[in-house]
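Below is one structure, written out as structure tokens, with a few remarks after it.
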Amino acid sequence: MDKIRMTTPLVEMDGDEMTRVIWKMLKDKIILPYVDLKTEYYDLGLNVRNETDDQVTIDSAIAAKKYGVAVKCATITPNAQRVEEYNLKEMWKSPNGTIRAILDGTVFRSPILVKGITPYIPTWTKPICIARHAYGDVYKNIEEKVEKGSKAELVITDKNGDVQRELIFDFEKSDGIVQGMHNLNSSISSFARSCFNYALDKKLDIWFAAKDTISKKYDHTFKDIFEDVFEKEYKEKFEAVGIKYFYTLIDDAVARVIRSNGGYIWACKNYDGDVMSDMIATAFGSLAMMTSVLVSPEGIYEYEAAHGTVQRHYQKYLNGEETSTNSVATIFAWTGALRKRGELDGIKELCDFADNLEKATIDTIESGIMTGDLYLLSTLPDKKKVSTEAFLDAVKEKLASLY
Ligand code: NAP
Ligand code: MG
């Protein structure tokens, strides 16, 4: 078979530890034999970030903006211990945070479902994809403890210096607490556009929820901006592909999610997304089976696994011990990116390759060959735990049978 040719490069962001090991194995064993891979390579491994004063992360995000599609390996977000371990000049920021800020994007996470691993909510037969607005609210708040006898007021000074004052609470009878938070219409509308774009891309309904009945200005603004962006820019496109935008109150949304069969995107305000994404990930089984894609309002896509660098397994790998690390989310990051590149450039073989590789991966697990994390969860009668490398070899073999 001739290798599949690419016309535009994919932005490749390499990473750290066990996922870096998987990255190379996956490319060498499975992708390179089929695809004449064209990538613009950025090494976001911690040493290179340190050597370049993190410029490499910024450059990779700018490249993603230029080419439109990126695939990223998990990376270490340094803490004090990593600063020592890697002898870092600084405690560099989270690469994901830096890339997200440059692309102004929203992260969508979806579980990969396989037979033998039943979600804790068994009626969830289709994935629930969750999107979190990653700006503002309680994550950029100002809060104070207030002494009894104090008054808390909300003060807004406009551009002419005119002051508007409103009493929040008079703490005459007790000590208490007070909090100020904000959001930006520009950020909310970017979030809405990313969500509607992704819904169109996946041809899935999208739900959004807030508490507009209680929060008549703050949460209501989220509701209004979503509705306005939808009506003006997306309504007709949604009708054309037969998908729906659905708004409801957050408590009603939670009740409907539990009763649903899945198969939609759930857009969440920042705090709701923080909490609900952990619930959804746990309910579907394993973080190692969760894919993640950052989508910008202009439609730039960056694909990755939702898990980290699996440090504990990497220690074993370095000691020469056998590891059984799940590569599924990393495989799906690559298939997501290759398929998107294929769609944008009109290369059907590349889209087919992505479909086949996903099928081969799922078929491998459903035939009973899996890594340790899934082995513990799977109810298949004939299951076998294999090493990191043996799993990729089994996927390679299945893939070959599809060509
Ligand atoms: P982690 O790498 O996600 O791993 C936590 C634990 O989850 C592992 O020890 C392992 O459990 C299990 N696990 C996760 N992925 C797995 C896989 N593919 N196969 C099998 N088991 C898997 O999270 P962490 O240990 O908190 O973080 C490690 C590093 O990753 C940190 O430096 C952090 O900054 C970074 N991180 C990066 C990203 C990103 O780049 N997007 C996201 C999160 C964390 P057992 O050990 O019990 O087998
Ligand atoms: Mg959380």
Side-chain angles (χ1 to χ4, degrees), residues 12-23 25-26 42-50 54 56-57 60-61 70-86 88 91-101 103 105 107-112 114 117 132 134 274 277-278 281-282 284-294 302-319 321-334 336 361 364-365 369-378 385-392 395:
E12 177 183 352
M13 305 167 173
D14 207 344
D16 290 301
E17 300 194 311
M18 199 60 206
T19 38
R20 187 183 181 98
V21 174
I22 288 175
W23 194 262
M25 270 188 206
L26 168 63
Y42 292 86
D43 189 351
L44 303 196
L46 188 48
N47 284 324
V48 178
R49 279 184 275 147
N50 191 51
D54 211 19
V56 67
T57 308
S60 74
V71 59
K72 179 180 169 291
C73 180
T75 46
I76 293 168
T77 298
N79 54 16
Q81 182 240 321
R82 299 294 201 166
V83 171
E84 209 167 299
E85 184 186 343
Y86 283 81
L88 300 180
M91 201 185 288
W92 305 110
K93 285 195 237 160
S94 147
N96 286 38
T98 302
I99 295 165
R100 195 166 59 214
L103 298 184
V107 173
F108 297 83
R109 286 178 154 204
S110 308
I112 300 152
V114 289
I117 296 171
R132 170 180 173 188
D274 183 352
S277 63
D278 286 331
T282 307
F284 275 105
S286 164
L287 192 60
M289 296 292 279
M290 188 65 82
T291 59
S292 179
V293 54
L294 176 74
E302 183 241 315
Y303 295 84
E304 65 172 323
H307 60 76
T309 60
V310 214
Q311 183 185 14
R312 213 179 58 85
H313 295 209
Y314 185 57
Q315 291 308 330
K316 284 175 78 178
Y317 171 85
L318 288 180
N319 294 334
E321 292 170 50
E322 188 172 274
T323 58
S324 183
T325 313
N326 190 331
S327 50
V328 172
T330 303
I331 295 174
F332 275 64
W334 273 94
T361 306
T364 301
I365 300 168
I369 298 170
M370 59 194 82
T371 46
D373 56 318
L374 298 185
Y375 182 82
L376 292 173
L377 298 170
S378 177
K385 176 183 162 178
V386 297
S387 70
T388 311
E389 188 160 13
F391 180 78
L392 286 167
V395 171

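Read the numbers this way: they start at 1 and go in the same order the structure lists the ligands and their atoms.
- By the 4.5 Å heavy-atom criterion applied to side chains, M289 and N326 are counted as neighbours.
- The immediate protein surroundings of ligand 1, defined as residues with any heavy atom under 4.0 Å of it, consist of K72, A74, T75, I76, T77, R82, N96, A288, E304, H307, G308, T309, V310, R312, H313, T325, N326, D373.
- Y314 has its side chain within reach of L318: a pair of non-hydrogen atoms, C-beta onward, lies under 4.5 Å apart.
- Within the 4.5 Å cutoff, no side-chain heavy atoms of E389 are placed close to those of T323.
- Using a 4.0 Å cut-off between charged nitrogen and carboxylate oxygen, D16 and R49 count as a salt-bridge pair.
- T291 is not listed as a side-chain neighbour of Y303, based on a closest heavy-atom distance of 4.5 Å or more.
- Within the model, atoms CG of L44 and SG of C73 stand 9.0 Å from one another, a figure rounded to the nearest 0.5 Å.
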